[in-house]
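A short write-up of the structure that comes next.
Note that the structure is a prediction, hence the values are computed from the model and not measured. Position 1 is the first residue of the sequence; numbering continues from there. Counting convention: from 1, in listed order, for ligands and their atoms alike.
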Amino acid sequence: MDLYTYIRNVKDFPKPGIDFKDITPLLNSPVATLACLDQLLKMLGDRKVDKVVGIESRGFFFATLLAHKLNAGFVPIRKPGKLPHKTIKRSYALEYGDDHIEMHIDAIENGDLVLLHDDVLATGGTAKAACELIEQLGGKIVQCNFLMELQFLRGREKIAGYDVQSVLKY
Ligand code: AMP
């Protein structure tokens with residue numbers, strides 16, 4: 001099955017110059033979704049995972065599916081001000097200025113084995129900040145996996161040292 005055909009490229013969204021990778025056609029197909037999930041699980045192998053951390057918001061879809069399959073807990077990382085309980089925060093650079101992400105302070109226990117997941121690895125700034133949050137709480141990152149990797153942005157260099165995997169490469 002050619003999973004690339006389930007990714008819609010939307011030019012100049014949300015702003016000029018961005019080639020947006022839309023995963024809604026993939027999510028709309030149960031067969032393609034399952035094939036993608038199988039590939040993510042295959043990349044992980046038989047490694048044990050206690051928590052799957054998903055990054056808001058498109059990272060949530062497959063992170064929850066992965067957590068279910070791995071019999072692990074799901075942990076959301078969210079944009080500022082969305083999580084109701086006490087949080088820890090990390091800022092990361094955007095094209096202009098910076099932003100931050102948050103995670104609940106009790107979401108990960110010291111020594112937890114953690115799989116980080118997001119839909120797209122672009123510049124890697126978000127994933128790096130997410131890794132820092134996980135490690136701040138004592139989590140051990142088993143793998144960072146993504147549906148897609150925009151290789152020309154060299155995001156994996158920002159998270160060098162981790163096992164970085166992606167299903168589709170652009
Ligand atoms: P970055 O921090 O640059 O690696 O950006 C990663 C985050 O931005 C992910 O949560 C993606 O969902 C989103 N993102 C970045 N570039 C794209 C793109 N071209 N299409 C869809 N989502 C993107």
Item to check | Ring-ring centroid check Y170 Y4, cutoff 6.0 Å | outcome: yes
Checklist entry - To the nearest 0.5 Å, how far apart are CD in E149 and SG in C144? => result 11.0 Å
Next on the checklist: Could you check whether K89 and T87, counting side-chain N and O atoms only, form a donor-acceptor pair closer than 3.5 Å?
Outcome noted: yes
Next on the checklist: Looking only at side-chain N and O atoms, does R156 offer a donor or acceptor that is under 3.5 Å from a partner on Q151?
Outcome noted: no
Contact table ligand 1 N or O to protein N or O, d under 3.5 Å:
residue: ligand 1; atom: 2 (O); partner: G125; partner atom: N; Å: 3.4
residue: ligand 1; atom: 2 (O); partner: T126; partner atom: N; Å: 2.9
residue: ligand 1; atom: 2 (O); partner: T126; partner atom: OG1; Å: 2.5
residue: ligand 1; atom: 3 (O); partner: T123; partner atom: N; Å: 2.8
residue: ligand 1; atom: 3 (O); partner: T123; partner atom: OG1; Å: 2.5
residue: ligand 1; atom: 4 (O); partner: A122; partner atom: N; Å: 3.0
residue: ligand 1; atom: 4 (O); partner: T123; partner atom: N; Å: 3.0
residue: ligand 1; atom: 4 (O); partner: G124; partner atom: N; Å: 2.7
residue: ligand 1; atom: 10 (O); partner: D118; partner atom: OD2; Å: 2.6
residue: ligand 1; atom: 12 (O); partner: R58; partner atom: NH2; Å: 2.9
residue: ligand 1; atom: 12 (O); partner: D119; partner atom: OD1; Å: 2.6
residue: ligand 1; atom: 19 (N); partner: D19; partner atom: O; Å: 3.0
residue: ligand 1; atom: 20 (N); partner: K21; partner atom: N; Å: 2.9
residue: ligand 1; atom: 22 (N); partner: R58; partner atom: NH2; Å: 3.2

Checklist entry - Can you tell me if CG on N71 sees more than 12 non-hydrogen neighbours from other groups inside 6.0 Å? => result no
Next on the checklist: Holding to ring-ring contact (aromatic ring centres under 6.0 Å, His included), I want the full list of residues that pass it with Y6, two or more places apart in sequence or in another chain.
Outcome noted: none
